[in-house]
Engineer: 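One structure, pasted below without further comment.
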Amino acid sequence: MPDFDFEALIHEEKVHRSLYTDPDIFALELTRIFGATWVYLAHESQIPNPFDFFQTKLGLRPIIVTRDGDNQIHALYNRCTHRGATVCRQAKGSTRSFRCPYHGWSYSIAGDLAGVPWREGYARNHKEDNRFNLARISRVDSYRGFIFGTLNLEAAPLVQHLAGIRKPIDDWLDRHPGGKIAVCEANRMKFKGNWKLAYDNSADGYHVIFSHRSLLMMENRFSPDDEKGMSFYKQHPDDGPIRVHYYGNGHHFKDKRPTLANHPGALWQIEGKHPGMEGYEAELREKYGKDADYYLDLAAGIPMNINVFPNLLILGNHIQVLEPLSHTETATTWYGTAVVDEENALNGAVDAINALRMRTQEQFPLFGEVDDLTNFEEIQVGLGAEEDPWVYMDRGLGLPDRFTEQDGVISGPATDEVFMREYMKHYKTLMMANPTLSISRGGEN
Amino acid sequence: MGDIQNPSETSHYVTDAYYSDLMAAFTGWDDTDRLCLDPVVQGRAYALLYQEARYLDQGQFKKWLDLFAPQCAYWIPGTWNRGDPRREITFAFHDRRQLEDRVYRLETGYAWSQQPASRTSRLVSNIEIFRTDQADVFMIRSNFHMTEFWNGESRPWAGYTVHRVQQIDAAGFQIMAKQVNLLNCDQNIRNPSVTL
Ligand code: FES
Ligand SMILES: [Fe+2]
């Protein structure tokens with residue numbers, strides 16, 4: 001495979017189209033990004049109990065994330081060590097073992113080879129060394145329920161890698177009882193475009209009133225004066241308090257919370273119109289009085305936009321996961337999250353909150369994201385123009401008054417492309433490095 | 001703001017009790033013993049389903065909305081086993097107001113995912129009607145196959161639909177709830193902005 005001169009392809013103010021159109025660059029990304037850096041795999045609430053499993057991907061590698069009987073989490077390659085068939089064909093579930101449907105080899109939930117049918121026909125004993133255990137992602141670690149994996153033994157520990165982006169993640173979780181959420185199904189979409197088109201969009205405050213114009217009109221069709229949802233982008237958004245913060249390692253955070261009034265119920269107040277709002281609100285207010293404001297806020301989306309390179313985008317109450325399918329196709333799954341209330345801190349209101357919260361989460365994917373995805377697809381079409389290769393991302397560049405830099409965190413106005421410039425620098429570093437990737441086979445026992 | 005009585009503007013009727021009733025109405029309704037073969041009822045049901053398909057194919061969304069009751073549900077489960085929409089994200093769950101939101105958005109001219117609009121052709125068949133405990137309420141099960149042409153690509157959408165309908169006058173039925181069960185409801189789908 002050709003290597004590339006990434007210095008020539010990625011500049012401060014622009015990147016070359018080939019980052020989005022060249023299948024050989026995509027192939028390199030599958031190792032240098034989706035392999036060599038920490039990649040989000042799954043959320044622990046998707047495998048809540050021992051012997052649960054959930055299928056995911058590391059780049060194009062089929063992965064089963066499992067929880068063994070000792071509550072250890074593993075990320076196994078879904079690839080039989082005999083001739084390569086997948087051993088698990090269910091999206092999620094619970095099992096003591098995986099039995100390959102082709103010739104019946106079986107593996108424990110931790111990936112260790114458990115049985116080979118008619119083994120007297122083999123000269124070797126497959127269980128003697130660990131090479132016939134399922135391959136596994138050599139490093140798997142969680143941060144507060146978010147499971148990541150990498151094949152790079154030299155990568156910094158996960159907490160160090162996440163660095164400053166942990167604070168917004170903490171804030172995002174800590175508004176919930178017990179500091180946790182549970183994933184509950186998803187709006188699932190894909191688009192004919194490179195995965196980076198979605199990451200380029202992740203903290204983009206510039207596109208909002210244009211790309212989402214129909215949604216903004218819809219959200220405000222009853223109340224031109226009492227503006228909802230994303231309306232704060234309508235006025236000159238750069239003069240407002242919304243800032244985008246770049247934390248290094250490709251991670252960034254757009255914080256829209258400073259636009260909120262500082263009282264319980266403020267989030268609920270700016271929430272758009274969703275099924276059941278008035279009915280549930282009336283019931284909650286009648287039953288819980290003043291506490292209802294806090295409960296209603298839990299049903300509302302939090303205006304935070306936390307982007308963990310390369311594939312985890314926390315937006316509102318969603319956990320959006322990007323999955324590259326090819327250089328020109330990407331799946332984007334918008335997992336909904338529910339409130340969990342093990343201690344009954346919410347006095348029995350949790351079901352009503354979640355019933356509302358399901359509906360508040362569905363609107364944006366259906367009536368907003370679809371328009372962005374169309375624009376991503378149309379960028380992919382536009383980038384077919386070979387002789388006009390540059391993609392510009394210089395909004396804010398050369399205007400130092402727009403930025404602050406403190407403790408390594410770069411902050412700029414809502415619509416600046418600073419996050420894109422900075423993540424592209426990180427991307428370049430990763431693409432120019434060539435670390436050794438390694439799987440493990442477990443089987444220490 | 002908003003007329004409390006008007007479900008086009010407010011959503012008072014979608015309560016916990018409403019969801020419970022909806023779940024009950026959409027459970028165990030397709031008992032063969034309840035099949036309704038009355039040709040008058042069949043005639044009304046076929047007319048409704050064909051009319052609905054035609055309005056959607058023609059992009060006559062306002063007329064399509066008129067087929068629904070003021071207090072209605074439009075439900076596309078995101079799981080094949082149809083979990084409780086109070087506990088899981090759906091492909092779509094609209095009340096009356098959000099159905100009107102959908103149509104409003106499409107008609108702004110700025111819904112890029114439907115600009116230009118999808119061209120669709122819907123086949124509706126295998127229509128069976130089931131009686132319920134209410135004499136004027138029926139469940140209609142039908143299979144659909146829709147071909148959508150959008151942005152250079154023709155693609156199929158298929159599954160079965162369940163309409164819960166109420167007879168409102170001699171002329172016909174009104175849709176109380178529509179449930180669309182997509183074969184690929186739990187898969188990642190390109191541009192899911194077409195109206196089913
Ligand atoms: S490929 Fe799995 S047992 Fe043969
Ligand atoms: Fe967007």
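Everything numeric in this text was worked out from a predicted model, so none of it was measured. Order of the sequence lines sets the chain letters (A, B, ...), proteins ahead of strands, with each chain counted from 1.
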Engineer: If you count heavy-atom pairs within less than 4.5 Å of chain B, which of A/Asp371, A/Leu373, A/Thr374, A/Val370 leads?
Structural biologist: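 If we count pairs closer than 4.5 Å to chain B, A/Asp371 comes out on top.
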Engineer: If you measure from the Lys or Arg side-chain nitrogens to the Asp or Glu carboxylate oxygens, is any gap between B/Arg131 and B/Asp136 under 4.0 Å?
Structural biologist: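 Salt bridge between B/Arg131 and B/Asp136, a charged N being under 4.0 Å from a carboxylate O: no.
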Engineer: Determine the interplanar angle of the B/Tyr19 and A/Tyr280 rings, folded into 0 to 90°, and report it as parallel if under 30°, tilted if 30 to 60°, perpendicular if over 60°.
Structural biologist: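 Aromatic pair B/Tyr19/A/Tyr280 classed tilted.
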Engineer: Name the member of B/Leu106, B/Ile89, B/Asp186, B/Ile189 that forms the most heavy-atom pairs with chain A at distances under 4.5 Å.
Structural biologist: B/Ile89
Engineer: If you count heavy-atom pairs under 4.5 Å with chain B, which of A/Gly276, A/Gly279, A/Cys184, A/Pro275 comes out on top?
Structural biologist: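 Top count of heavy-atom pairs under 4.5 Å with chain B: A/Pro275.
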Engineer: If the plane angle is over 60° it's perpendicular, under 30° parallel, otherwise tilted; pick one for B/Tyr160 and B/Trp80.
Structural biologist: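 The arrangement is perpendicular - the two ring planes meet at more than 60°.
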Engineer: Hey, is B/Arg190 close enough to A/Glu329 for a salt bridge, meaning N to O under 4.0 Å?
Structural biologist: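 No.
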Engineer: Are any side-chain N or O atoms of A/Tyr20 and backbone N or O atoms of A/Thr328, one a donor and one an acceptor, separated by less than 3.5 Å?
Structural biologist: no
Engineer: Under 30°, 30 to 60°, or over 60°: which ring-plane class applies to B/Tyr74 and B/Phe68, parallel, tilted or perpendicular?
Structural biologist: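 Ring orientation, 0 to 90° scale: perpendicular.
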Engineer: Specify which of B/Arg86, B/Arg105, B/Glu88 makes the most heavy-atom pairs with chain A at under 4.5 Å.
Structural biologist: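 Greatest number of close heavy-atom pairs with chain A: B/Arg105.
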Engineer: Is it the side chain or the backbone of A/Asn375 that comes within 4.5 Å of chain B heavy atoms, both, or neither?
Structural biologist: side chain
Engineer: Are B/Glu153 and A/Lys192 close enough for a salt bridge, meaning some N to O gap below 4.0 Å?
Structural biologist: yes
Engineer: Could you verify whether a donor N or O on one side chain and an acceptor N or O on the other, from A/Glu323 and A/Trp195, lie under 3.5 Å apart?
Structural biologist: no
Engineer: Heavy-atom distances under 4.5 Å only: say whether A/Ala282 touches chain B with side chain, backbone, both or neither.
Structural biologist: neither
Engineer: Tell me, for A/Glu378 versus chain B, whether the close heavy atoms (under 4.5 Å) come from the side chain, the backbone, both or neither.
Structural biologist: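 Side chain only.
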Engineer: Quick one: what part of A/Glu377 sits under 4.5 Å from any heavy atom of chain B, side chain, backbone, both or neither?
Structural biologist: side chain
Engineer: If you tally heavy-atom pairs under 4.5 Å against chain B, which of A/Ala186, A/Pro365, A/Gly368 wins?
Structural biologist: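 Of A/Ala186, A/Pro365, A/Gly368, A/Ala186 has the most heavy-atom pairs under 4.5 Å with chain B.
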Engineer: Using a distance-only test with no angle check, is there a side-chain donor-acceptor pair under 3.5 angstrom linking B/Glu148 and B/Ser118?
Structural biologist: yes
Engineer: Could you tell me which portion of B/Tyr104 (side chain, backbone, both or neither) has an atom closer than 4.5 angstrom to a non-hydrogen atom of chain A?
Structural biologist: side chain
Engineer: Examine whether an atom of B/Asp84 lies under 4.5 Å from a heavy atom of chain A, and if so say whether it belongs to the side chain, the backbone or both; otherwise answer neither.
Structural biologist: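 Nothing of B/Asp84, per the 4.5 Å heavy-atom cut-off to chain A.
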Engineer: Side chain, backbone, both or neither: which part of B/Arg102 has an atom under 4.5 Å from a heavy atom of chain A?
Structural biologist: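 Looking at B/Arg102, backbone and side chain both touch chain A.
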Engineer: Tell me, for B/Thr15 versus chain A, whether the close heavy atoms (under 4.5 Å) come from the side chain, the backbone, both or neither.
Structural biologist: both
Engineer: Using a cut-off of under 4.5 Å on heavy-atom pairs, state which of A/Glu281, A/Met218, A/Glu185, A/Gln361 scores highest against chain B.
Structural biologist: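 Max contact count across the listed options: A/Met218.
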Engineer: Which label fits A/Tyr206 and A/Phe210: parallel for a plane angle under 30°, tilted from 30 to 60°, or perpendicular past 60°?
Structural biologist: perpendicular
Engineer: Of all of B/Gln187, B/Glu107, B/Gln114, which one pairs up most often with chain A through heavy atoms under 4.5 Å apart?
Structural biologist: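 When all of B/Gln187, B/Glu107, B/Gln114 are compared, B/Gln187 has the most.
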Engineer: What residue, out of A/Arg359, A/Glu369, A/Met277, has the most heavy-atom pairs lying under 4.5 Å from chain B?
Structural biologist: A/Arg359
